[in-house]
Amino acid sequence: MAFSNPSTVSIGLKKAAHVGIAVSDLDRSVAFYQALLGAEPVVRDENMHGAGFAQSQGLPTTKLRYATFNLDNLGIDLIQFQEPVGDAAQVAANRPGSMHLCFHVDDVRAVYERMSEAGFEFLGQPYTFASGEVEPPAAVGTAVAYFNDPDGTNLEIIAPKGGFARSE
């Protein structure tokens with residue numbers, strides 16, 4: 001079913017459970033996210049398979065391994081498809097369909113420096129939005145830095161201000 005005007009529908013979803021990230025090597029990705037998050041996965045090297053499960057994903061068959069990390073407000077599932085093995089995505093910030101996962105921090109520069117010293121590679125230097133560069137104006141002063149996981153998933157750290165700050 002396709003909606004010609006999605007604004008006429010209101011399903012009302014308001015709470016995220018988890019984000020799933022397809023990975024090529026579960027063990028390598030678990031090590032990366034374990035270092036990034038400073039936590040062990042709550043499940044590791046679990047399996048899912050079956051015809052019904054495959055059909056629910058629009059696949060002819062499926063067999064996968066996965067691990068889950070829990071943040072305070074979101075789960076991160078790392079999923080390695082063993083059957084069928086997919087091609088690597090051509091992800092980039094400007095490619096439609098690409099997404100990014102953003103982590104809230106208090107001080108982007110301090111976290112950037114700590115991560116860089118630990119061997120994480122960033123796409124560029126941290127950036128702080130100046131007046132006239134971002135809407136709403138209350139978001140001026142928001143700092144960001146971007147990096148990728150081992151499979152190229154776009155990741156971000158942010159110290160939000162004003163209009164980007166989410167009320168809890």
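The analysis underlying the following values was restricted to heavy atoms, covering all of them including side chains, and did not include hydrogens, waters or symmetry mates. Just so it is clear, the model here is predicted, and its values are computed rather than measured.
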Worksheet entry | same_hphob_cluster(Val30, Met48) at 4.5 Å side-chain heavy-atom cutoff | no

Worksheet entry | His49 NE2: over 12 foreign heavy atoms closer than 6.0 Å | no

Discussion item. I'd like to know if the side chain of Glu156 and the backbone of Cys102 have a donor-acceptor N/O pair within less than 3.5 Å.
Written reply: no

Discussion item. Check Arg28 with Asp149, please: is the shortest side-chain N to carboxylate O separation under 4.0 Å?
Written reply: no

Worksheet item: Shared ILVMFWY cluster between Leu37 and Phe147, side chains joined below 4.5 angstrom?
Response: yes

Worksheet item: Less than 6.0 Å separating the ring centroids of Phe122 and Tyr146?
Response: no

Discussion item. I'd like to know if the side chain of Asn47 and the backbone of Arg65 have a donor-acceptor N/O pair within less than 3.5 Å.
Written reply: no

Worksheet item: Step by step, would you call Glu117 with Tyr112 a side-chain hydrogen bond (donor to acceptor under 3.5 Å, both in side chains)?
Response: CA-CA 9 Å; Glu117 288 170 7; Tyr112 170 88; over 6 Å; no

Practice prompt. Give a yes or no on this: more than 12 heavy atoms of other residues, nucleotides or ligands lie within 6.0 Å of atom CD of Gln57.
Written response: yes

Worksheet item: Parallel, tilted or perpendicular for Phe120 and Phe32, by the 30°/60° rule?
Response: perpendicular

Worksheet item: Does one hydrophobic cluster hold both Ile79 and Phe69, with members joined at side-chain heavy-atom distances below 4.5 Å?
Response: no

Worksheet, complete the sentence: In terms of heavy-atom contacts, Val105 and Val108 come closest through CG2-CG2, 3.8 Å

Worksheet item: Is it true that a side-chain atom of Asp151 and a backbone atom of Thr153 form a donor plus acceptor pair closer than 3.5 Å?
Response: no

Discussion item. Hydrophobic clustering (ILVMFWY, side-chain heavy atoms < 4.5 Å, transitive) - are Leu36 and Leu123 grouped together?
Written reply: no

